[in-house]
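Since the structure comes first, as structure tokens, the remarks are kept for the end.
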Amino acid sequence: MKFKDFICIHIRSGDAIYDYAEFRKFNLQSIYHATPCEIAIGIIQKNKDKNIVLVGDDLLSIRQIMEFCNFKNVFVMEDFRNSNQLSNMELFFYDVMFMSHAKILYGTNSAVVRLANYIGNQEFINNYSVFNEKELYDIIKENIEKFNTSNSQKAFSYFHLFIVSKKINISKENLIEFLEKALVYDYENDKYRIHIIDILLNHNEISKANEMLKTILLTRESEYLKTLFLKGWIGVVYSDLFDIYLKSSCLQYPYIAYVAMHILKFKVNLQIQTSNNTINNAVKEKDSIIKSNINHINQLQSNIQEKSTQLNQIQSKLSFQTKYGTAKSRIQNHLSYKLGQALITNSKSILGYIRMPFVLSYIKDKHKFEQKAYEEKIKENPNLALPPLESYPDYKEALKEKECFTYKLGEAFIKASKNWYKGGYIKFIFQDISRLKREFKRKEK
């Protein structure tokens with residue numbers, strides 16, 4: 001296939017979108033490195049009279065974009081090469097050199113597209129500069145439900161719809177609707193819950209925010225707080241949202257107060273860390289600087305003690321789930337689930353297949369170690385034993401996790417491991433995987 005002039009649209013997905021990494025939870029930090037499918041569709045429609053080649057790491061999504069637009073002059077990179085016949089390094093250089101010959105290059109700040117532009121020295125247009133905010137809203141809104149793609153891509157697009165909607169003052173109800181839809185497609189991403197709470201607090205719906213936080217803290221406290229305090233290359237990624245918790249905190253709203261206490265503790269610890277770094281650097285120049293910071297450090301430590309006391313008072317009021325977690329999380333900690341999840345995650349790329357045996361071995365060894373440590377711990381102190389799964393409030397709902405594809409895949413792998421000398425792994429690869437897929441497809445119907 002040959003043509004003289006063409007433009008390339010680079011559509012990065014990667015760790016900013018998919019759940020094999022935590023970067024998708026880092027608020028706004030990396031979202032402009034990737035491109036929502038709907039924006040790519042808008043750029044194609046704007047250039048529909050030109051030959052267009054779509055390039056990206058998510059081969060399925062870019063082919064879906066091409067088929068959705070249905071223009072004869074739109075192609076995907078796979079039309080020019082076969083990714084199954086090239087190594088990852090060869091694919092990288094192939095894409096870079098191909099894009100360097102484009103007349104116009106669309107993309108983001110991804111290293112791949114910037115390198116291609118450096119070599120080709122052609123006109124470069126950032127995907128996010130093609131349309132104004134109102135146009136971006138219209139393009140994403142118009143196509144987001146029409147265009148069928150993966151859940152991760154859908155969640156990413158809805159978050160972008162939320163961001164641009166916020167800039168053009170779309171109603172609070174719509175903002176929450178977009179975040180809730182993103183949460184449907186990426187339930188484990190507490191970024192969306194954090195922004196919903198922020199909207200409610202900023203619109204003075206403090207009671208609603210407190211009730212939602214109650215549900216969150218009783219079911220996924222650890223995940224929510226971990227996400228809230230994530231640190232990236234731009235610093236603490238949600239720091240701009242902290243003050244509204246502190247302003248809204250009072251005894252009337254204990255769950256907001258609980259999060260506020262964690263924020264204060266986090267900020268104090270951050271201040272201590274900063275102060276200590278400053279002291280360590282300054283001590284090399286002047287011993288007197290150390291003395292000037294001692295009182296400040298003591299005061300900060302006093303604040304920690306005071307806030308810790310308040311924190312303990314609030315923590316004592318939290319329910320069974322806050323203390324012991326959920327049945328769902330315990331089932332997801334079973335070896336079957338963890339192995340199934342690793343098999344699925346590492347089957348998405350060539351590199352994943354290469355490292356899969358090491359990942360699976362590591363998971364099995366770590367699980368065995370954790371189980372042994374737990375057994376020794378409760379042997380020394382039986383009071384530390386977790387309660388029976390049946391006693392958890394979400395037990396019946398959590399049983400569904402044992403019937404999911406991830407869990408069943410892990411079970412089949414464990415069985416194959418036990419019968420490896422009888423060809424267990426061969427049976428697993430050529431029979432069990434396809435059988436499980438068929439069974440779950442029938443269940444979905």
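This one's a predicted model, so the numbers in the text were calculated from it and none came from an experiment. Start at 1 with the first residue, then count along the sequence.
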Taking the side chain from [X] and the backbone from [Y], do they hold a donor-acceptor pair closer than 3.5 Å?
{"X": "N269", "Y": "K265", "answer": "yes"}
{"X": "S249", "Y": "L246", "answer": "no"}
{"X": "H160", "Y": "F156", "answer": "no"}
{"X": "N143", "Y": "I139", "answer": "yes"}

Take atom NZ of K214 as the centre, draw a 6.0 Å sphere, and report whether it contains more than 12 heavy atoms from other residues, nucleotides or ligands.
no
State whether the number of non-hydrogen atoms from other residues, nucleotides or ligands found under 6.0 Å of K46 atom NZ is greater than 12.
no
Could you point out which residue of I9, I52, V130 forms a side chain to side chain contact (heavy atoms under 4.5 Å, CB included) with N47?
I52
Polar side chain donor-acceptor pair, [X] to [Y], under 3.5 angstrom:
{"X": "Y224", "Y": "H262", "value": "no"}
{"X": "S150", "Y": "Y18", "value": "yes"}
{"X": "N174", "Y": "S171", "value": "yes"}

Whether R193 engages the ring of Y187 as a cation-pi pair (distance to the six-membered ring centre under 6.0 angstrom, angle to the ring normal within 45°) should be assessed.
yes
Is there any side-chain hydrogen bond (donor to acceptor under 3.5 Å, both in side chains) pair reaching into residues 397-415, and which pairs are they, with sequence neighbours excluded?
Q332-E401, H334-Y407, E397-K400
Name all residues meeting the salt bridge (charged side-chain N to carboxylate O under 4.0 Å, His left out) criterion together with E223; count only those two or more places apart in sequence or in a different chain, and write none if there are none.
none
Output field: ring centroids Y395/Y392 closer than 6.0 Å
no
H195 ring center near F178 ring center (under 6.0 Å):
no
If you look at every heavy atom in I414 and S336, which pair is closest and at what distance?
CD1-OG, 3.4 Å
For the pair F147 and F68, name the ring-plane relationship: parallel under 30°, tilted 30 to 60°, perpendicular over 60°.
perpendicular
Scan the side chains in residues 363-370 for donor-acceptor partners under 3.5 Å anywhere in the protein, sequence neighbours excluded, and list what turns up.
| residue | atom | partner | partner atom | Å |
| --- | --- | --- | --- | --- |
| H367 | ND1 | K338 | NZ | 3.0 |

